[in-house]
*Asks:* 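Handing you this structure, nothing more for now.
In what follows, every chain begins at residue 1, and chains take the letters A, B, ... in the order their sequences are listed.
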Amino acid sequence: MANETLSKGYEPADVEGRWLDYWKSHQSFTPDAAKAAAHPKDNYSIVIPPPNVTGALHMGHALNITLQDIMCRFMRQHGKTVLWVPGTDHAGIATQNVVERKLLAEGKRREDLGREAFIERVWEWKEDYGGRILNQIRRLGASVDWTRERFTMDEGLSKAVREVFVSLYEQGLVYRGKYIVNWCTRCHTALADDEVEYAPAKSTLYHLRYPLEDGSGFVTVATVRPETMLGDTAVAVHPEDERYQDMVGKFVILPLVGRRIPVIADAYVDREFGTGCLKITPAHDMNDWEMGRKFGLEAVSVIDDKGLMNDNAPEAYRGLTAAKCRERIVEDLKACGALVAEEPYENKVNQCYRCKTTIEPFVSEQWFVSVKPLAEKARAAVEDGRTTIWPAQWNKTYYNWLDNIRDWCISRQLWWGHRIPVWTCRDCGEVIVARQDPTACTCGSANLTQDEDVLDTWFSSALWPFSTMGWPEKTHELAAFYPTSLLVTGFDILFFWVARMMMMGLQFMDNVPFKDVYIHALVRDEHGKKMSKSTGNVIDPLQMIDKYGCDSLRFTLTSFAAMGRDIKLSEARIEGYRHFINKIWNAARFALMHVDGSEPEFDPAALTGLHHKWILHRLEVLKKEHAAQIEGYRFNEAAQGLYGFVWREFCDWYLELIKPELYGEDQAAKAAARSCLKHVLSEIMVIAHPIIPFVTQEIWSCIPSLDAESLSVRPYPKARPECENETAVRDMEFLQGVIVAVRNIRAELGVAPGIALNVLVRAGGEDQAFLAAHETEIAALARVGSLTAAPDIEPPKGCASAVVRGCELFVPLAGVVDFEAELARLDKELGKITKELDFVTKKLGNESFVSKAPEDVVAKEKAKAAEFAEKKAALEQLRAKVQEFVG
RNA sequence: GGGCGGUUAGCUCAGCUGGGAGAGCGUCGGCCUUACAAGCCGAAUGUCAUAGGUUCGAUCCCUGUACCGCCCACCA
């Protein structure tokens, strides 16, 4: 492949395919855990946030994967042994829903198949489609170790789940209890608090009148759910509410039901809201449930698990849906005069985060984890810095959630998931919680039934950082790679997942699951809206890859990945950054026209040209800054720094400056240029590789006499302090200043680009020598015919002029130049410099500035003032000269 | 109600520990200059939301205000 001419434009599809295959077949990213275990400090590890098996790649994944990949590739370059574990999550509800929908298309329900057959169907589905998302991740160039791919329902991970459940049970941290839970009547399962979403709704607030038992009057309560009144077991008022002082302790009779219920007093009641009286329905409202516990109230459940009115409701309502029942209740209450007012009301309705069905608070028997003790450890680990959250602004959110945490409901009434390892003996009632499926009870009976429920998906995800490494076995992976170095994720699962991994890691590994957590942005559409299928504003990463190439997408996402800020993405941006990828490609194409492997070995000491010294210095700065930026997760800065260096410095200046040498006759200079060019190009490829792996790898493989196929395992370029050269930077500024001044004159005075200009510079000593030495470069870059530098140069009649670093520069344009235009141009320059000079002068005139500001700042300002004054004086002279011609 | 973030060039956004603002895209003008027209050269553009405060000096630090966005809790 070496030394072939590159195609004129970069064609990503072919390139990406080839290198993806190469990396996979060579197992380039598979570390040797046994070896790595011997020196854990040299290791680096990340576990991928496992996408749902049902998932399809979206921009959030693309960003997430890109950032992780950058870190992994970067750390390999820095000599780390890197493990990046890929895998997927079984995603209980989501996956079950998908398969149920498929069944429904065949006219079947899961109940028709039965549990075992249904689960088999889900596994079949998983085998067929579950790998899709992983292939999509692969296409992003993720340098994961495919030999260690995991699934949350793998045998090993299931073993870990069971181990954790049973030991938490043994530690008294898992318990079963009757509790009010968020119940999805469609999914038929309990949901954790954070699986509930709130949606605004237009409702009606009904005022209901309950008569006092002693006939002394009424209390009026307000509710948006009148049907739940059938389950009321109290009415509450505020203890200090004067209106109701004498009612507390009395009883009211519940209309339609006839139940006698107490009036209680509790500060929870808001006196301002509605009538100040609150109906208490412990079985169907979270707050009421708490109140019921506090006051020892009965919880009368009137709605069942399907959302239908049950037998506790008066006969007339039984079997109705809650909504239908509400209509009927409203009619009936109206009829008996208990409904005294209706008003439109906007509130929020709880929804299932999976299917958006309204949540019904529901009392049932569920399994819980006592998370308080775990949460305290998780909090402490961030407080004392064992884990660092980036950016730190998320600490507060994290603490706040942990501080207010309630027990975690972990049972789900689904079939797809880790079945709860609890058996009940049907003969003696013994409850067995076991790591191995028991065959018999202690009483000898084999008549055991396993708990029907499965565990919350997040229960297994919480173990991901160590379960994927083989825990509870003592593996080399755990020894080498736990705790992991970094977790990269979106803030939307900070609670669901990150906090719970912290808890479980600390509990079972006695160590944090990761040293750093990087919370990345949310990818939104160009208007800042969340991308969603229903809004139709989704940008499909795979389509973007097909259209613009993976590197374009990766570079775009990286450029916008500023910490703590959302990304507004549009296709135009990706298209824009494709230009950059193509620019690199073409720069390489140019370079490879001149580099064939015969050039001398790179030796900075042998490079005497200013532009070589300059670019090598700039390269040193880039190396240093780029590494610091990646290490500090300042991805946007890293990408933009690279962009600026490659385009503005390497291409715009360096490549242009070596052209005279490459096309020239001086063989020594040519060889030096080719050697340096090859060196700089090679190092750029290495530095850029973590962000844009494909184009860099492809170019790398075409650079002659390099280790052609190994860019992904190539170390980061070593620092070369001998190349640092501030003098070169200052000299280069001078050279650039002269070139830009001439270009500016040409452009502003409308001189045709074809006309070569002659340039005179009034300069003596070093400056004169410098200009003479760089005539070739100036000639080439500014289209200058002849350059004359001398201390006694006098401006010829009819010329344009400029001042560069104190030197007056003249471009004779007799007969060509429009003096009015030149005058205007000089005036513009004068205006600028005058403004700047005035500002500095004023500042220096301020006594308190001079006396109070640090010395170096004052010195800097003084130097500026001198420089500005010099330039201004020179410009004024030039202007006067031109004025003579005009006048 | 509690918390967090944002407000900088026409657009999208950088600006790390205070020393009078940058990039990309877009715009305008000129170029098919043998790596690249997906390009090259040149140019224009900002009371850094607002009112105060601290300071010799504030886009940056503090306080208040307005508007936008998000998270948590939730008034039935």
*Asks:* Once you round to the nearest 0.5 Å, how far does CG of A:L749 lie from CG of A:L813?
*Replies:* 6.5 Å

*Asks:* Of the nucleotides B:rA14, B:rA44, B:rC71, which one has an atom closest to the side chain of A:K828?
*Replies:* B:rA44

*Asks:* Classify the nucleic acid contact of A:L655 as base, sugar-phosphate or nothing, counting any heavy atom under 4.0 Å across all strands shown.
*Replies:* base

*Asks:* Using the side-chain heavy atoms of A:R783, tell me which of these nucleotides is nearest: B:rU33, B:rC40, B:rA38.
*Replies:* B:rU33

*Asks:* At 4.0 Å (heavy atoms only), tell me whether A:R648 reaches a base, stays on the sugar-phosphate, or touches nothing.
*Replies:* sugar-phosphate

*Asks:* Which nucleotide in the set B:rC36, B:rA76, B:rC75 lies at the smallest distance from any side-chain heavy atom of A:N586?
*Replies:* B:rC36

*Asks:* Have a look at A:R573 and say if it touches a base, only the backbone sugar-phosphate, or nothing, with a 4.0 Å heavy-atom cut-off.
*Replies:* sugar-phosphate

*Asks:* Of all the heavy-atom pairs spanning A:C676 and A:Y654, show the shortest one and how long it is.
*Replies:* SG-OH, 3.3 Å

*Asks:* The side chain of A:K583 is closest to which nucleotide in this list: B:rA35, B:rG15, B:rA44?
*Replies:* B:rA35

*Asks:* Would you classify A:V857 as touching base, sugar-phosphate or nothing, given that sugar-phosphate means primed atoms plus P, OP1 and OP2, and contacts are heavy atoms under 4.0 Å?
*Replies:* base

*Asks:* Report the nucleotide, chosen from B:rA38, B:rC74, B:rA35, that has the shortest atom-to-atom distance to any side-chain atom of A:R578.
*Replies:* B:rA38

*Asks:* Check this for me, if you would: do A:K864 and A:E867 make a salt bridge, where the nitrogen-to-carboxylate-oxygen distance has to be below 4.0 angstrom?
*Replies:* no

*Asks:* So what does A:D492 touch, heavy atoms closer than 4.0 Å: a base, only the sugar-phosphate, or nothing?
*Replies:* nothing

*Asks:* Quantified in whole Å, what is the P atom distance between nucleotide B:rG5 and nucleotide B:rU63?
*Replies:* 12 Å

*Asks:* Quantified in whole Å, what is the P atom distance between nucleotide B:rA76 and nucleotide B:rA58?
*Replies:* 49 Å

*Asks:* Looking at A:F218, does the NZ or CZ of A:R209 lie under 6.0 angstrom from its six-membered ring centre and within 45 degrees of the ring axis?
*Replies:* yes

*Asks:* Establish whether the base of B:rA35 is bridged to the side chain of A:E656 by a donor-acceptor pair shorter than 3.5 Å.
*Replies:* yes

*Asks:* Please work out if A:Y643 contacts a base, only the sugar-phosphate, or nothing of the nucleic acid, heavy-atom cut-off 4.0 Å.
*Replies:* sugar-phosphate

*Asks:* Can you identify which nucleotide, out of B:rC56, B:rC41, B:rG42, has its nearest atom closest to the A:E748 side chain?
*Replies:* B:rG42

*Asks:* Checking all strands, does A:Y663 fall into the base, sugar-phosphate, or nothing category for heavy-atom contacts under 4.0 angstrom?
*Replies:* sugar-phosphate

*Asks:* Can you check the distance between B:rC48 and B:rG22, where both ends of the measurement are the C1' atom (answer in whole Å)?
*Replies:* 12 Å

*Asks:* Base, sugar-phosphate alone, or nothing: which one does A:K8 contact when heavy atoms must sit under 4.0 Å apart?
*Replies:* sugar-phosphate

*Asks:* At 4.0 Å (heavy atoms only), tell me whether A:C651 reaches a base, stays on the sugar-phosphate, or touches nothing.
*Replies:* base

*Asks:* Report the nucleotide, chosen from B:rA38, B:rC56, B:rG24, that has the shortest atom-to-atom distance to any side-chain atom of A:S848.
*Replies:* B:rC56

*Asks:* Look at A:N744 and B:rA43 and indicate whether a side-chain polar atom (N or O) is within less than 4.0 Å of OP1 or OP2.
*Replies:* yes

*Asks:* For A:D270, which contact category applies under a 4.0 Å heavy-atom criterion: base, sugar-phosphate, or nothing?
*Replies:* base

*Asks:* Pick the closest RNA chain B nucleotide for A:V850 and for A:A591 by heavy atoms, then say which residue is nearer the 5' end.
*Replies:* A:A591

*Asks:* With heavy atoms under 4.0 Å as the rule, sort A:K279 into base, sugar-phosphate or nothing.
*Replies:* nothing

*Asks:* Considering non-hydrogen atoms only, spot the tightest contact between A:A236 and A:M291 and give its length.
*Replies:* CB-CE, 4.4 Å

*Asks:* Taking only the side-chain heavy atoms of A:D652 (C-beta and beyond), determine which of B:rC40, B:rG15, B:rC71 contains the nearest atom.
*Replies:* B:rC40

*Asks:* Could you say whether A:R406 or A:Q393 is positioned toward the 5' end of RNA chain B, judged by the nucleotide with the nearest heavy atom to each?
*Replies:* A:Q393

*Asks:* By nearest atom, which of the nucleotides B:rA76, B:rC40, B:rG30 is closest to the A:W647 side chain?
*Replies:* B:rC40

*Asks:* Does A:N846 reach a base, just sugar-phosphate, or nothing at all? Heavy atoms under 4.0 Å.
*Replies:* sugar-phosphate

*Asks:* Measure distances between side-chain N and O atoms of A:K396 and base N and O atoms of B:rC4, and say whether any donor-acceptor pair falls under 3.5 Å.
*Replies:* no

*Asks:* Can you tell me how far the CZ atom of A:R743 sits from the CG atom of A:L757, to the nearest 0.5 Å?
*Replies:* 12.5 Å

*Asks:* What nucleic acid atoms does A:K659 come within less than 4.0 Å of, heavy atoms only: base, sugar-phosphate, or nothing?
*Replies:* base

